[in-house]
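A quick write-up on the structure given underneath.
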Amino acid sequence: MKHDKSRCMACISVFLTYIVAVTISICDWKQAIASPVIGAKEEMGLWEKIPLPREKMTGKILPLQSIHTSLLPNGKVLIVNGSSNRNTLKREGNLVGFTDGVNTSDQKVVSNSAIFDPETGLFNLIASPPASQYGDSNDVFCNGHIQLTNGDVLFVGGSSLYYPGEQFEGSKQTNIYHWQDNKWSTIGKMVEGRWYPSLVPLADGKIVIFSGQKFDKPSQITPTIDVYDPAATDNKLHHIDLSSVSNSPFNTKITKYQYINTEGKPVVNTADVYDTIDLYPRVFPTADGKLLITGDGAGKFPLEVHKSNKTYLMSINKNPSGELSVSFEAGADRQDISKVYGTAVPDPNNEGDVLLIGGILNTNNINFGKPQLGSLDDPNSANGKLKEQKARIAKSLERWDSKNKTWIIVPDFLDKPRAMNEAVILPNKNILTINGGEYAEYKQIYEPLLMIPDGAVPGGYKTKPMNPASLPRLYHNGALLLPDARVLIIGGNASRAAREADGTVHVDVVPDSKQYYALAKLTKTPQIKDSGKIIPEEDYNKFLEDYYKSPESYFAEGDSVPFAPAEIWQAEIFSPPYLFKPGVRPEIKNAPQTIKYGESKMALVKNADEKGSLVLIKLGSITHSFDYGQTLADLKIEKNRQDNDGKAHIKFKTPENANLYPPGYYMMFYVNGIGKPSIAKMVKLES
Ligand SMILES: [Cu+2]
């Protein structure tokens, strides 16, 4: 049995007669009734822990955080972190102090990149981009990234400077990782800094780069985009200012906004401000080649909280001399206001639709809900004030209905509030909502929710809880579909770690109202006041080893939720129930390595059946609860001829729409009639 909730289940069964009193005193009622039932892998999937990354010579655990995670065409996973925004920990005698940020020009500080091989379960450290480039620091922490059509990964922006009070300056740097020779290059410096930008691929291989905090001006969002054109001979980055473009968000006033209150009723408030494109904006291509700006993103304290119902459709135009410009039209208003740190995903069952799942409303403060901010019921505490400002975590599913061009909301879609969650498209067209917590950095949720298409329920999906993970995955977590149809779960920040001069990274850190951050007082006996102890310096490595053996057994002083370290360095792999369906796994024996749009092609599949399907899923590239890569193309099967020896010759039609399915590398899966997927073949879709 794992986690506090499972413990509660145990206590319910033993002390059945005292059920109400016991559950209310040990954990709150809602938790007690929502306890996960740990079920068979055929129904609820199976978890495996990946061995911890370790230093080869000493065997010491490597502080390998995983903030930016991308799948490569060779099936390996690229992990990039930069500085990880670790505070600097200083000691004076017995006193420990924390200073904001680290030196982002120090190669030792920003070097934290690796390749993970899902077949061996091993991490290999690789070179990181240079700490200095074009005379400035080059820290990729909190950049935006996407695979280019050749499978190389483009990274833009990141952190330039840290200021006290959670203020950041964005980096103007660009970096490209070349997967075939494991090298880094750059395409030059951008005009503006971008901290928390989003990258969206276009039908012709161009990449549109949105948002991010500026260089030299902390906590200001740039109202510009860059369009990266890999085919251009010289000027590859086209910089376009959106602030004076008519109908752009920066030129549109929000005069009133509506939100759904906790009773599920719409409430209208008034405002008189210009709209914006938030950080890490959730932007999606439409079938007709526009870009849908949904309003959701990842705004960050101390930026003004984004409260807007507005959505926008942006078009990129080219004049006869080849110059790029943009134009905007208003999209439909959403029924609730924009959120931060929910996830967003193109709907694999309704082409062109977009789903927004979970997230935080009415605050950018990721510490909201943490015990360090006081009681939620105390109006004088920071938590109480945020609650009064209607800060809350959403349980909603919002759908962009592309046919009717409207937004639909299902306010109570999720089993519980979820933020910092991810949504992974699976080959059987289910969606796995995974990771995150009931708050952004608190009350981690271990149980993924499988979303199974069902036209009869609101939102188009029914949900089913899966078996729980072992480790907390809060801010900066990752979840990525692997070519073998399992899901890699990696990373997670519950707070900011701290780095000592000798390179030791402390994860036993909690925010502290008096001294900014503090070393956590940890206990193995929850809820006994003043029993916590700071882990002595000489015992820190022992603590790390022990934590990963039994992550559910540590508690911060006075807290009933298992302690979530500032960073998580162990990965897990989740095998969804489809891998345990009866019968042999289908196998793609032969498929074309490259395909073009709208052509008929052949695949040879062993153990296929009459009802199987063939899908393409674009390689994932994930950070900050959003995967910029994944999208699923359901391939039309034109002919299915079964051989005598059990092989099927399947004639299929390649995707027609390059807006929804941009060129690049995809995983091709065959899924048999009962929903069991093959291992993927990598396929390059070319224009
Ligand atoms: Cu971040």
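When a ligand or atom number is given, it counts from 1 through the structure's own listing order. On a predicted model such as this, the values are computed, not experimentally measured, just so you know. Numbers here are sequence positions counted from 1.
The side chain to side chain donor-acceptor pair (under 3.5 Å) check on H178 picks up D152, S185, with sequence neighbours excluded. For T88, there are no side chain to side chain donor-acceptor pair (under 3.5 Å) partners at least two apart in sequence or on another chain. Every residue two or more places apart in sequence or in another chain that forms a side chain to side chain donor-acceptor pair (under 3.5 Å) with N493 is listed here: Q65, H476.
Counted by atom type alone, E422 and T343 present zero donor-acceptor pairs between their side chains at under 3.5 Å. For T186 and T174, the side-chain atoms include at least one donor-acceptor pair closer than 3.5 Å.
Around the Cu ion (ligand 1), the protein N, O or S atoms found under 2.8 Å comprise C142 SG, Y196 OH, H476 NE2, H624 NE2.
Of the possible polar contacts, none joining the T504 side chain to the E500 backbone as a donor-acceptor pair under 3.5 Å is found.
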